[in-house]
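All values below come from the heavy atoms of this structure, side chains included, with hydrogens, waters and symmetry mates left out. Each chain gets a letter, A, B and so on, in the order its sequence line appears, and its residues count up from 1.
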Amino acid sequence: MRYVSITPEEKRLMLKATGVDRVEDLFATIPENLRLSKTLDIPEAASETDILKYFHSLGRKNASAEDFEYFLGAGAYNHFIPTVIDSVISRSEFYTSYTPYQPEVSQGTLQATFEFQTLICQLTGMEVANASLYDGGSALAEGVLMAVRTTRRQKVLVAQSVHPEYRRVLETYAANLDIQLQELPFTESGCVDVEALERLVSEDHAAVVIQSPNFFGVLDDVEQAIGLTQSVGALSVVVVSEAISLGLLKPPGELGADIVVGEGQSLGIPLGFGGPYLGLFASKDKYKRQMPGRLVGQTVDSEGRQGYVLTLATREQHIRRQKATSNICTNQGLCALVATVFMSVLGKQGIRELAEQNLKKAFHLRKLLGDSLVFSGATFNEMVVECSEDPAEINRHLVSEGIIGGLPLGRYFPDRSNQMLVCVTEQNSLEKINRLAEALTSVKVTL
Amino acid sequence: MRYVSITPEEKRLMLKATGVDRVEDLFATIPENLRLSKTLDIPEAASETDILKYFHSLGRKNASAEDFEYFLGAGAYNHFIPTVIDSVISRSEFYTSYTPYQPEVSQGTLQATFEFQTLICQLTGMEVANASLYDGGSALAEGVLMAVRTTRRQKVLVAQSVHPEYRRVLETYAANLDIQLQELPFTESGCVDVEALERLVSEDHAAVVIQSPNFFGVLDDVEQAIGLTQSVGALSVVVVSEAISLGLLKPPGELGADIVVGEGQSLGIPLGFGGPYLGLFASKDKYKRQMPGRLVGQTVDSEGRQGYVLTLATREQHIRRQKATSNICTNQGLCALVATVFMSVLGKQGIRELAEQNLKKAFHLRKLLGDSLVFSGATFNEMVVECSEDPAEINRHLVSEGIIGGLPLGRYFPDRSNQMLVCVTEQNSLEKINRLAEALTSVKVTL
Amino acid sequence: MTRTSVTSILNEPLIFERSAPGKSAYSLPRLDVEDVPVEEILDSKYLRTEVRGFPEVSEVELIRHFTRLSTWNYHIDLGMYPLGSCTMKYNPKLNERVARIPSIALTHPLQEEQHSQGSLEILFRLQECLKELTAMDAVSLQPAGGAQAELIGILMIRAHLTQKGSPRKFVLIPDSAHGTNPASAVLAGYEVISIPSDKKGRIDVKVMAEKMSEEVACLMLTNPNTMGIFETHIEEIAQIVHQKGGLIYMDGANFNALMGYARPGEMGIDVLHLNLHKTFSTPHGGGGPGSGPVVCKEHLAPYLPVPRIEQEGERYRLNSDKPESVGRVHSFHGNFGMAVRALCYILSCGREGLKELSEMAVLSANYIRRRLEGHYELPYDTDILHEVVFSDKKQHKNGVTTQDIAKRLIDYGFHPPTTYFPLIVQGALMIEPTESHSKEELDAFIDAMIAISREARDDPEKVLSAPATAKLTRLDEVRAARSAILRWEP
Amino acid sequence: MTRTSVTSILNEPLIFERSAPGKSAYSLPRLDVEDVPVEEILDSKYLRTEVRGFPEVSEVELIRHFTRLSTWNYHIDLGMYPLGSCTMKYNPKLNERVARIPSIALTHPLQEEQHSQGSLEILFRLQECLKELTAMDAVSLQPAGGAQAELIGILMIRAHLTQKGSPRKFVLIPDSAHGTNPASAVLAGYEVISIPSDKKGRIDVKVMAEKMSEEVACLMLTNPNTMGIFETHIEEIAQIVHQKGGLIYMDGANFNALMGYARPGEMGIDVLHLNLHKTFSTPHGGGGPGSGPVVCKEHLAPYLPVPRIEQEGERYRLNSDKPESVGRVHSFHGNFGMAVRALCYILSCGREGLKELSEMAVLSANYIRRRLEGHYELPYDTDILHEVVFSDKKQHKNGVTTQDIAKRLIDYGFHPPTTYFPLIVQGALMIEPTESHSKEELDAFIDAMIAISREARDDPEKVLSAPATAKLTRLDEVRAARSAILRWEP
Ligand SMILES: Cc1ncc(COP(=O)(O)O)c(C=O)c1O
Ligand SMILES: Cc1ncc(COP(=O)(O)O)c(C=O)c1O
């Protein structure tokens with residue numbers, strides 16, 4: 001057993017020192033009748049060679065971005081991942097270490113996390129960001145709970161154009177804390193219905209949640225929504241599921257958002273069948289003591305040298321137990337490091353150029369789609385299309401051409417069963433974009 | 001340009017400090033007429049994405065052990081490579097460092113190399129081993145040159161059953177040092193013709209070179225050959241091209257060899273289209289001051305702590321210049337580290353079990369081949385087969401079944417154009433071995 | 001600019017301080033569509049001018065920056081990391097390689113089932129293995145960590161009880177429990193009643209029985225508990241709780257002690273969670289990601305999160321049609337990458353291997369206990385399994401605390417154990433070796449601990465001023481919390 | 001067992017000392033053929049009982065062993081590594097990734113051409129790029145290092161001259177040349193005539209002209225030479241040599257100074273070698289592997305090693321039918337893996353990039369020279385390109401030598417420069433920064449050098465006793481050579 005380092009002889013010596021004859025004796029504290037008599041119905045140990053064969057065979061049962069061009073986004077995006085990222089996170093110093101509870105021997109993780117918090121603040125335009133939450137869905141839930149905590153109000157308006165799965169996670173978290181979630185409709189532009197918002201929002205509301213670019217890819221009317229929200233003393237929670245968009249778009253912070261939550265997968269994290277991803281959480285400075293999750297702060301050591309530590313721990317469960325701001329303990333640390341390296345690789349120019357490529361390639365598709373576009377609002381790299389035939393059918397054709405098409409909207413919006421949400425990133429080629437347009441509109445593209 | 005760290009502004013400051021206006025001025029020392037006026041006919045910089053696409057497309061033009069089962073050996077073997085090896089050599093501490101000329105900051109490389117030298121001594125049964133040479137071919141050449149140096153004799157007998165390419169490299173090295181290379185024939189058993197050896201060898205001979213397992217896979221009559229060689233005061237040089245065989249076979253050292261040279265590719269190094277591989281060089285202790293290449297030795301620091309340094313450097317070109325024992329400078333350091341990790345992973349039991357699996361799988365094929373075997377001598381994991389049809393033809397059929405067949409011997413031995421050298425390793429499956437046997441003998445295997 | 005250690009550059013600044021205009025570490029393909037100016041595509045009201053503050057560095061600088069930072073971390077591949085309750089075992093390299101196979105790592109969570117059969121098989125097979133290991137009936141791999149699993153587990157209990165009439169009001173939690181337990185219970189809408197431990201370090205059954213009522217939804221226990229002690233009365237406990245119509249949630253963070261020896265499903269547990277990042281060797285990544293499968297009995301299965309992964313003949317499918325489900329806790333399928341590693345680990349170890357792991361983990365903990373009990377106070381003399389908790393009582397006389405002992409261990413080249421937890425032990429030193437270490441490494445750790453106990457007696461200053469060899473001396477946490485500098489500012 | 005630094009365990013023993021019977025780090029598939037006992041297959045006379053001394057360790061111990069060792073190395077990813085003549089530039093991660101693509105890394109050198117078209121294209125395209133960069137006509141990628149390339153290059157000259165009548169007897173080599181030059185010349189069967197350098201640090205053309213004769217096969221020069229100085233009289237030199245029927249071999253180890261600015265083929269060079277592990281960023285791997293392409297003019301092409309890689313329309317083939325070839329120097333196609341990395345690098349940099357590299361390398365060297373010339377003796381005030389050589393003359397007065405300065409740099413967190421080479425400079429300090437470093441890093445190095453020159457004056461002891469922060473203090477090399485302990489013994 002290559003994962004164990006104790007030899008039979010050493011085992012003997014250790015048992016002797018411990019004062020028992022057989023290892024089994026150490027388990028005597030488990031009542032006889034509870035001790036397992038049978039051997040586990042799990043295969044015998046497989047060799048490294050067999051393991052690799054097996055998992056490669058499983059891989060061949062998948063379609064993946066290795067062999068297909070993806071136009072599927074909807075909260076998980078196929079972006080370029082710089083090679084250096086894996087070189088950094090493959091250093092065991094980073095990936096095999098624990099939460100930096102002992103700062104003297106964890107300054108690497110701590111400084112990198114402090115850099116992450118700063119980068120997220122810069123990207124979102126907010127004042128403070130935490131060290132990560134699980135994913136976009138739970139980040140939204142934590143954001144709403146924080147708004148409820150701070151405002152001591154129980155009603156929350158959530159735009160229907162927020163990612164449906166995020167909304168489901170929010171429902172799960174809110175279910176038993178008597179929080180009332182109300183839906184906020186959208187107009188034919190795809191933006192939140194501002195009149196409805198004005199009509200619905202009140203002094204009873206803790207928060208209003210909108211997303212931009214929203215689930216339909218539409219750039220929402222964030223500024224106006226925030227204004228209306230704050231006019232009644234509610235907190236504005238803005239969701240971002242496509243972080244790359246912030247390389248180009250005015251960040252929620254600049255527009256006055258109180259809390260920004262979102263998904264950081266676009267920042268160098270592989271599609272990975274949905275996880276591990278990266279929950280982003282940022283807010284205005286005045287709310288920092290209400291924040292969920294870990295925070296790294298700057299300080300000095302006993303000799304006055306600058307260093308970093310986990311701080312404001314009194315918010316957390318291991319100190320405050322049932323009074324904690326959240327129950328989260330293990331977070332997505334290594335994914336935060338990935339995002340830190342990604343943002344550092346791209347830097348000021350790169351993040352902009354990347355965002356522009358997404359915008360321009362998507363715009364090329366948008367032009368080709370013409371009237372098949374469902375919403376009139378401005379978009380970044382995703383858009384909803386009215387299809388000439390059943391979207392699932394179209395996808396089936398596309399697969400044979402090495403293309404994974406968009407998301408049939410019927411899945412979340414039964415009344416939109418003929419619509420497809422498509423995404424274009426810098427990874428998509430002109431040729432395949434044209435092919436997609438043809439398949440969606442059954443109009444031949446001639447360029 | 002991401003591989004340069006100087007900004008335009010910093011460039012300006014540095015030029016100023018250096019006292020010139022334009023970078024071009026720094027090249028003024030190159031005569032005008034020699035300065036290149038045109039721009040290089042080399043493509044513009046390609047993005048990381050495009051580079052990866054390009055090399056993957058090249059990969060698709062290859063057959064590789066990723067998709068095919070190989071029965072091709074002949075000096076390059078498809079063995080299992082433990083995953084941990086790449087984890088170790090991917091640490092930049094190892095792969096981006098230079099030759100350990102500054103021992104205080106190179107103890108990692110030095111200790112690992114000292115371990116390598118020891119492991120090679122243990123594997124070959126020799127007393128000293130160096131830190132590596134380029135590959136099996138040049139190792140043979142250096143071995144012969146060392147024998148010539150130490151004996152001050154100019155004649156060398158080389159068995160025809162030594163790897164043909166190694167012999168060609170030897171010829172290149174020996175060409176102008178008036179060394180006479182004479183060929184030593186083999187019998188129908190595939191072993192060196194001992195009578196011929198007895199007849200040919202004389203007081204004029206510096207060395208007799210044999211290989212075991214030899215190029216035909218046959219275990220040669222090493223002990224007897226060594227006896228006859230040393231009886232005339234010549235040095236016995238034994239070549240090993242399949243290092244795994246030493247997990248099971250009596251090592252040349254035990255049989256009295258003076259010098260052992262060979263190829264270490266089998267020890268965890270990927271096929272890699274022929275390189276980088278690993279030249280092995282070991283000898284009796286009394287010859288150590290005649291050795292080519294680097295040697296790491298144990299010593300202490302000024303405080304008496306044990307440490308390691310490059311030693312006996314007076315043999316080398318950077319000190320001794322034209323009087324050096326060899327011109328080699330850069331060697332195959334990282335490949336030696338790979339082999340060190342490989343041998344440590346397998347250890348005493350693993351190397352034996354691995355060798356046994358090779359022997360037993362090859363033996364299974366051997367039984368199936370029966371009379372088609374060309375040589376009667378004992379074999380390890382390679383053997384020569386008389387084919388039912390043109391070997392190249394057979395290989396063409398096999399490819400369609402995911403099999404890369406053996407080496408058509410005609411390539412090196414025109415008179416053996418119907419024969420094929422096949423190799424079976426632990427990587428080959430029973431099913432494919434049977435298929436190979438069928439193809440080679442056109443007899444259906446029924447098991 | 002002085003740098004004091006050759007294999008570790010100690011004064012690497014923040015990445016922002018390395019930045020200068022014009023440096024870059026990225027490269028992108030040339031745009032292959034018409035290059036329409038951004039302003040013609042989007043109204044300027046949507047646009048920002050730049051991401052102010054974003055760094056600009058070259059690839060070389062970037063690599064050096066993070067390489068230098070990395071050398072400031074202690075890590076498992078360097079030496080023993082005996083954090084109690086965290087199960088810091090070796091993270092096999094094979095897991096990492098397998099998780100990076102492109103056809104496994106690059107699949108989209110929303111792509112059609114028929115294009116995801118490989119990924120679904122991984123999830124399904126792992127679920128089957130976990131069921132067998134725990135003797136439970138159903139699993140969800142969706143929770144991204146133990147804490148989230150706790151929330152889901154309690155929500156499932158709540159849903160179940162609600163169906164039977166009332167969700168009830170309270171959750172019983174031993175005072176030795178991990179902080180996530182009460183926090184999760186509250187998040188699920190319950191109030192917490194704390195149950196004291198008896199003098200053996202176990203749940204005080206008598207008190208528990210008194211507190212148990214028709215108003216109590218469940219008892220949330222950890223077994224073996226955070227003292228490393230097995231709750232021997234588990235059956236009796238379960239009976240008491242079940243009799244009152246309550247359920248039992250087991251925090252399975254310490255499952256590394258039980259593999260092949262005991263199964264929660266046979267102890268009367270209704271639902272539990274496992275931590276793939278503990279028992280099943282997925283790396284902790286400096287804080288995460290983890291994965292917290294929630295595993296339950298048949299009667300709770302209907303409430304598991306959706307989608308569920310089901311097998312139909314040769315094929316696997318995602319079933320979201322579970323009307324009683326408590327819903328989702330993750331946007332997609334949870335931390336899939338951790339599931340890949342865990343399955344790789346289980347198949348690599350095999351049935352015997354998994355059992356051997358638990359044996360060696362328990363043996364190592366008991367060995368440490370025996371060798372250190374003369375030197376450090378043992379608050380409970382109860383038998384333990386996979387971890388041992390000491391206290392600083394003996395050293396306290398000389399003014400040396402758990403904190404000091406922990407920091408001094410750093411100078412001996414070891415990561416400190418978990419400190420000041422569980423809360424029921426004053427100045428707790430919680431040591432969990434796991435099965436990974438050689439006797440040599442264990443002895444080195446034990447010798448260091450003994451040496452420190454001597455220093456505490458003969459030369460306390462040495463211990464009080466530790467660490468002497470780390471990048472920094474002790475950090476001012478009060479100042480950090482007061483000034484709360486949470487980001488770099490130009 | 002005391003360990004003194006937390007991020008680096010300093011007392012890791014030899015792997016053999018970690019070994020104990022029964023531990024193992026390997027796993028092999030179960031044998032799928034009949035398990036015939038070895039003794040029934042092979043006569044016992046062939047068999048050994050065991051590989052005596054081979055270690056037995058677990059995977060965890062193995063990883064820790066090599067991880068700990070690794071932390072004792074200085075490396076490029078940590079900081080500046082200004083070894084003159086070695087071109088220690090950044091090794092791009094992308095190269096490493098590309099070289100590991102399975103369909104590129106797992107091909108057999110003897111498999112049929114039609115199954116190796118991808119690999120052959122890599123070799124062919126790299127050759128074409130090197131021809132363009134050097135303005136030469138033909139290339140062989142077979143030599144596994146510069147030294148082997150030198151041997152081949154001279155053998156080609158020898159073959160050429162032999163054909164024209166006589167191989168001749170001598171090779172002219174400047175006294176500033178690298179040791180491999182004379183060693184290779186001798187290996188090719190020639191005697192070496194050393195040519196002195198003039199007071200400018202260049203080849204003394206007058207002396208060279210006198211020594212040049214019909215008995216001289218070739219002049220072997222390095223350009224820019226090991227002083228970093230361009231041989232401005234190269235054309236005149238070539239003319240003199242050619243007039244006497246000799247040829248010119250250029251050691252291209254310093255080609256990093258010339259890319260996009262000058263091409264050997266336009267200077268009268270007949271044959272040269274390049275070092276992919278210097279100019280083209282392939283990693284040095286702690287000593288190797290490298291790769292030394294030999295590049296020549298048409299008249300020497302027939303003598304290149306076989307097989308040659310040729311293009312026929314869309315296809316690439318290996319041609320061994322070159323009767324005049326000097327033969328093979330490698331069992332197969334040379335260090336292919338290095339060729340993959342070099343091509344990846346060339347394509348990543350592109351034509352402008354390559355030129356920029358040389359510019360920044362030359363700028364960095366000149367910047368260092370200017371800033372240090374007041375503090376360290378500059379033996380030649382000649383203009384330099386990519387590297388600068390100082391001497392310890394100034395410090396020698398206080399008994400501080402090059403050796404001491406080098407060791408003291410370690411304490412400042414830098415790898416020392418090349419020392420005591422070239423031999424024409426007493427106590428040479430040979431500094432080659434390459435293009436990789438930021439101005440910040442260069443300034444830090446310069447400041448350290450200046451600080452050391454001050455220390456040499458004010459506090460020589462500090463310098464003489466350096467390094468103070470490395471794993472070890474200075475090692476006893478005499479003792480090492482005398483006792484010559486070259487392997488571990490139980
Ligand atoms: C006993 C116990 N319960 C629960 C948890 C929480 O698990 P996670 O960190 O995965 O959320 C932990 C982890 O620290 C633990 O030790
Ligand atoms: C000037 C010079 N020539 C030749 C060589 C030898 O090249 P290699 O080490 O690749 O054999 C070197 C490398 O150190 C060198 O610096």
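Residue contact with chain C, scored on non-hydrogen atoms closer than 4.5 Å, involves the side chain of Phe363(A) exclusively. Heavy atoms of Ser326(A) lying under 4.5 Å from chain C belong exclusively to its backbone. Residue contact with chain C, scored on non-hydrogen atoms closer than 4.5 Å, involves the side chain of Val88(A) exclusively. Looking at Ile51(A), only its side chain comes within 4.5 Å of chain C, counting heavy atoms on both sides. The part of Leu385(C) that comes within reach of chain A is its side chain, from C-beta onward, which places non-hydrogen atoms under 4.5 angstrom from that chain. With a 4.5 angstrom heavy-atom cutoff, Thr311(A) touches chain C only via side-chain atoms. With a 4.5 Å cut-off on non-hydrogen atoms, Ile328(A) touches chain C through its backbone but not through its side chain. With a 4.5 Å cut-off on non-hydrogen atoms, Leu337(A) touches chain C through its side chain but not through its backbone.
Looking only at side-chain heavy atoms (C-beta outward), Tyr98(A) and Ile76(C) stay at 4.5 Å or farther from each other. Taking 4.5 Å as the limit, every side-chain heavy atom of Thr107(C) sits out of range of all side-chain heavy atoms of Leu271(A). With a 4.5 Å cut-off on side-chain heavy atoms, Tyr3(A) and Glu435(C) do not count as touching. With contacts defined as side-chain heavy-atom distances shorter than 4.5 Å, the pair Leu69(C)/Glu115(A) qualifies. Taking 4.5 Å as the limit, every side-chain heavy atom of Leu475(C) sits out of range of all side-chain heavy atoms of Val300(A). Side-chain atoms of Tyr90(C) and Thr96(A), non-hydrogen and from C-beta on, never get closer than 4.5 Å to each other. In this structure the side chain of Leu486(C) reaches within 4.5 angstrom of the side chain of Lys288(A), judged on heavy atoms.
For chain C, the option among Val296(A), Ile404(A), Leu13(A) with the highest count of heavy-atom pairs below 4.5 Å is Val296(A). Annotation: maximal heavy-atom pairing with chain A below 4.5 Å, among Phe54(C), Tyr46(C), Phe332(C), occurs at Phe54(C). Between chain A and the options Lys89(C), Glu50(C), Glu266(C), heavy-atom pairs under 4.5 Å are most frequent for Glu50(C). No other option in Ser281(C), Ala147(C), Gly288(C) has as many heavy-atom pairs under 4.5 Å with chain A as Gly288(C). In terms of non-hydrogen atom pairs under 4.5 Å with chain C, the most contact-rich of Pro31(A), Ala324(A), Ser87(A) is Pro31(A). Each of Gln117(A), Met14(A), Gln298(A) has some count of heavy-atom pairs under 4.5 Å with chain C, and the biggest count is that of Met14(A). Highest contact tally toward chain A, considering only Gly145(C), Cys129(C), Gly260(C), is held by Gly260(C) [criterion: heavy-atom pairs under 4.5 Å]. Interface check for chain C: of the options Val128(A), Ile6(A), Leu177(A), Ile30(A), the most heavy-atom pairs under 4.5 Å are formed by Ile30(A). Ranked by heavy-atom pairs shorter than 4.5 Å toward chain C, the options Pro270(A), Ser302(A), Gly347(A), Gly137(A) are led by Ser302(A). Options Glu254(A), His56(A), Glu426(A) differ in how many heavy-atom pairs under 4.5 Å they form with chain C, and the most are formed by His56(A). Most heavy-atom pairs under 4.5 Å with chain A: of the set Met338(C), Glu34(C), Arg263(C), Lys355(C), this distinction falls to Arg263(C).
Between the side chains of Ser119(C) and Asn62(A), at least one donor-acceptor pair of N or O atoms lies under 3.5 Å. When only modelled atom types and interatomic distance are considered, Glu353(A) and Tyr26(C) share a side-chain donor-acceptor pair under 3.5 Å. Under the 3.5 Å distance criterion, with hydrogens and angles disregarded, a donor-acceptor pair is assigned to the side chains of Asp77(C) and Ser92(A). No hydrogens or angles considered: nothing links the side chains of Tyr74(C) and Glu93(A) as a donor-acceptor pair under 3.5 Å. In this model, a donor atom of one side chain and an acceptor atom of the other lie less than 3.5 Å apart for Asp301(A) and Thr473(C). There is no side-chain donor-acceptor pair under 3.5 Å between Gln148(C) and Asn327(A).
Summarising the geometry, atom CG belonging to Asp86(A) is positioned 9.0 Å from atom CD belonging to Glu96(C); distances are rounded to the nearest 0.5 Å. Taking CG from Leu15(A) and CG from Asn366(C), the interatomic distance works out to 9.5 Å, rounded to the nearest 0.5 Å.
A ring-centre distance under 6.0 Å is not found for His318(A) and Phe421(C).
Using a 30° and 60° split on the angle between ring planes, Tyr261(C) and Phe27(A) fall in the parallel class, below 30°. Relative orientation of the Phe66(C) and Phe94(A) rings is perpendicular, given thresholds of 30° and 60° on the angle between their planes.
In this structure, Glu104(A) pairs ionically with Lys407(C), as a charged nitrogen and a carboxylate oxygen lie closer than 4.0 Å. A salt bridge links Arg351(C) with Glu44(A); the closest basic N to acidic carboxylate O contact falls under 4.0 Å.
His108(C) contributes a side-chain N or O that, together with a main-chain N or O of Ala76(A), makes up a donor-acceptor pair within less than 3.5 Å. No donor-acceptor distance shorter than 3.5 angstrom exists from the side chain of Arg168(A) to the backbone of Arg328(C), with no hydrogens or angles considered. The main-chain N or O of Thr18(A) is found under 3.5 Å from a side-chain atom of Arg370(C) such that the two form a donor-acceptor pair. The closest donor-acceptor contact from the side chain of Ser331(C) to the backbone of Tyr166(A) lies at 3.5 Å or more, if one exists at all. Under the 3.5 Å distance criterion, the side-chain polar atoms of Thr172(A) are left unmatched by any main-chain donor or acceptor of Val329(C). With hydrogens and angles disregarded, a donor-acceptor distance shorter than 3.5 Å links the side chain of Asn73(C) to the backbone of Thr109(A). Without hydrogens or angle criteria, Ser97(A) side chain to His75(C) main chain gives no donor-acceptor distance under 3.5 Å. Using a distance-only test at 3.5 Å, with no hydrogens or angles considered, a donor-acceptor pair links the side chain of Gln122(A) to the main chain of Gly53(C). In this structure, Glu132(C) contributes its side chain and Asp41(A) its backbone to a donor-acceptor pair below 3.5 Å. In terms of modelled atom types and a separation under 3.5 Å, the side chain of Glu359(C) and the main chain of Leu26(A) share no donor-acceptor contact.
Scanning both residues, Gln102(A) and Ala406(C), for their nearest heavy atoms gives NE2-CB, 4.4 Å. Contact record, Ser103(C) with Glu66(A): N-OE1, 3.9 Å, taken as the closest heavy-atom pair.
Within a 6.0 Å radius of CZ in Arg52(C), other residues, nucleotides and ligands contribute 12 heavy atoms or fewer.
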